[in-house]
Participant: 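Here it is, the structure, as structure tokens.
Throughout, protein chains are lettered first and strands after them, A, B, ... in sequence-line order, and every chain is numbered starting at 1. All values below come from the heavy atoms of this structure, side chains included, with hydrogens, waters and symmetry mates left out.
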Amino acid sequence: MVVVRTVTSFGRSGTFDWLYQRVTAVILLAYVLFIVGFIFFTKDFGYQAWSELFAQRWMRVFSLVALLSTIIHAWIGLWSVVTDYITNRMMGGKATVLRLFVEVILAAVAVLYTVWGIEILWGV
Amino acid sequence: MLKVSIYRYNPETDKAPYMQDYQLDTQGKDLMVLDVLELLKAEDATLSFRRSCREGVCGSDGMNISGRNGLACTTPLSEAAPKGKLVLRPLPGLPVIRDLVVDMEQFYEQYRKIEPYLQNDTPAPAIERLQSPEDREKLDGLYECILCACCSTACPSFWWNPDKFIGPAGLLQAYRFLADSRDLATDERLSNLDDPFSVFRCHGIQNCVNVCPKGLNPTRAIGHIRNMLLTRAV
Ligand code: SF4
Ligand code: SF4
Ligand code: FES
């Protein structure tokens, strides 16, 4: 039985990828709801309230978790788009090079955003 | 007069596929699409298609009928050509051998992968392996599949990765053996499905459910497999 197993995505298996995709989606939803709620329900919402919120450690951690969730969610999603459309079956050997190229760019963007995000969150 | 437009391609003589138009006097009868093909073939013997049982049990005449995959033998004109125009193409995504005849190898290869036979190494009883009526019921909606490939060739995920994604038909059968109380290979079966392609390329688009001529629901079976994989993983 020949089954695809050597592929790298994010998790250890398709099952874990699927699970991470759902868990990160829930985290993102919670984060978005929280931010929207905060904006609507804070009296005198403005720079003061905003910077006080982000001065707290739990908020920075929550934001970082949301940022990492975005990256994991996007990576799994985009990896499956890339492996749907850039396949060796359709393009031959070129597909491997092209797929690797796109994946390296995506990975670089992911690392960049993570570092940048940490800098922003802990930089103020 | 019924207008029929049929995909024609003979790789030995044609540079590219083309659509050929036919006219047929149906004498007002609500024929099945397969009857139409038979009548046209009587006039034009070069027209090629597969058929055998002509009653929806063999699964050999799956084709794209006016934009929707189905069996020619069980699809009436009233459904396929309500405005008097019938368009027939081969099942999408598979290599065409000739006219409406496709090469099903990719489809069968995926079926082969799920090891579609009962696996049980315990000594066989004298007569047969018994199953309670409740356990037998779990196979309803699964065993009826006739492997016509209408579902898998309607599935975008199968179009992109027919070599890696098992597809709705194969997965429905995978679940048929996972759900069978007499089969003891559940864990190996699940390990073989755990990669990011075999099961997880299904995005729940439900095209498969929409076209299955036997009214089966591969998406539900895929959901059951996913739950089994998750339960085993966490
Ligand atoms: S539900 Fe899954 S298997 Fe069915 S057509 Fe959609 S992607 Fe394909
Ligand atoms: S599930 Fe339905 S459409 Fe798919 S192969 Fe079986 S009978 Fe055909
Ligand atoms: S000819 Fe057998 S299913 Fe249509």
Participant: Would you say that more than 12 heavy atoms from the other residues, nucleotides or ligands in this model lie under 6.0 Å from the CG of B:Asn227, or not?
Facilitator: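 Atom CG in B:Asn227 is packed in, count exceeds 12.
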Participant: Counting only heavy atoms not in B:Tyr117 (residues, nucleotides, ligands), do more than 12 fall under 6.0 Å from its OH?
Facilitator: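 It does: B:Tyr117 OH has more than 12 such atoms within range.
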Participant: Does B:Arg176 CZ have over 12 foreign heavy atoms under 6.0 Å away?
Facilitator: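 For B:Arg176, atom CZ is crowded (more than 12 foreign heavy atoms under 6.0 Å).
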Participant: Taking side chain as everything from C-beta outward and backbone as N, CA, C, O, which of these in B:Glu188 sits under 4.5 Å from a heavy atom of chain A? Side chain, backbone, both or neither.
Facilitator: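 For B:Glu188, neither part sits under 4.5 Å from chain A.
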Participant: Take atom CZ of A:Phe34 as the centre, draw a 6.0 Å sphere, and report whether it contains more than 12 heavy atoms from other residues, nucleotides or ligands.
Facilitator: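 Correct, the count exceeds 12.
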Participant: Checking B:Arg232 against chain A: side chain, backbone, both or neither under 4.5 Å from a heavy atom?
Facilitator: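 Neither the backbone nor the side chain of B:Arg232 comes within 4.5 Å of chain A.
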Participant: At a 4.5 Å cut-off on heavy atoms, which part of A:Ser80 comes close to chain B: side chain, backbone, both, or neither?
Facilitator: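 Both parts, backbone and side chain.
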Participant: Locate the shortest heavy-atom distance separating B:Trp159 from A:Arg89; write the atom from each residue and the value.
Facilitator: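 So the minimum-distance heavy-atom pair works out to O-NH2, 2.9 Å.
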Participant: Once you round to the nearest 0.5 Å, how far does OG1 of A:Thr87 lie from CG of B:Asp163?
Facilitator: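 Reported to 0.5 Å precision, the distance equals 7.0 Å.
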Participant: Give the member of A:Thr83, A:Leu19, A:Ile76 that has the highest number of heavy-atom pairs under 4.5 Å with chain B.
Facilitator: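 Heavy-atom pair counts peak at A:Thr83.
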Participant: I need the single residue from A:Trp18, A:Trp79, A:Phe16 that forms a side-chain contact (heavy atoms from CB on, under 4.5 Å) with B:Pro196. Which is it?
Facilitator: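 Between B:Pro196 and the candidates, side-chain contact (heavy atoms from CB on, under 4.5 Å) is satisfied uniquely by A:Trp79.
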Participant: Can you confirm whether A:Phe38 is buried at CZ, in the sense that more than 12 heavy atoms of other residues, nucleotides or ligands lie under 6.0 Å from that atom?
Facilitator: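 Yes, CZ of A:Phe38 has more than 12 neighbouring heavy atoms, counting only those of other groups under 6.0 Å.
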Participant: Quick check: are there more than 12 heavy atoms from other residues, nucleotides or ligands sitting under 6.0 Å from CH2 of A:Trp116?
Facilitator: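 Counting other residues, nucleotides and ligands, CH2 of A:Trp116 stays at 12 neighbours or fewer.
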Participant: So, taking the atom named CE in B:Met228 and the one named OG1 in A:Thr15, what distance separates them when rounded to the nearest 0.5 Å?
Facilitator: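 If we round to the nearest 0.5 Å, B:Met228:CE and A:Thr15:OG1 are 12.0 Å apart.
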Participant: Are there over 12 heavy-atom neighbours, none belonging to A:Phe40, within less than 6.0 Å of that residue's CZ?
Facilitator: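 Counting other residues, nucleotides and ligands, CZ of A:Phe40 stays at 12 neighbours or fewer.
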Participant: Is it the side chain or the backbone of B:Val199 that comes within 4.5 Å of chain A heavy atoms, both, or neither?
Facilitator: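 Neither part; nothing is under 4.5 Å.
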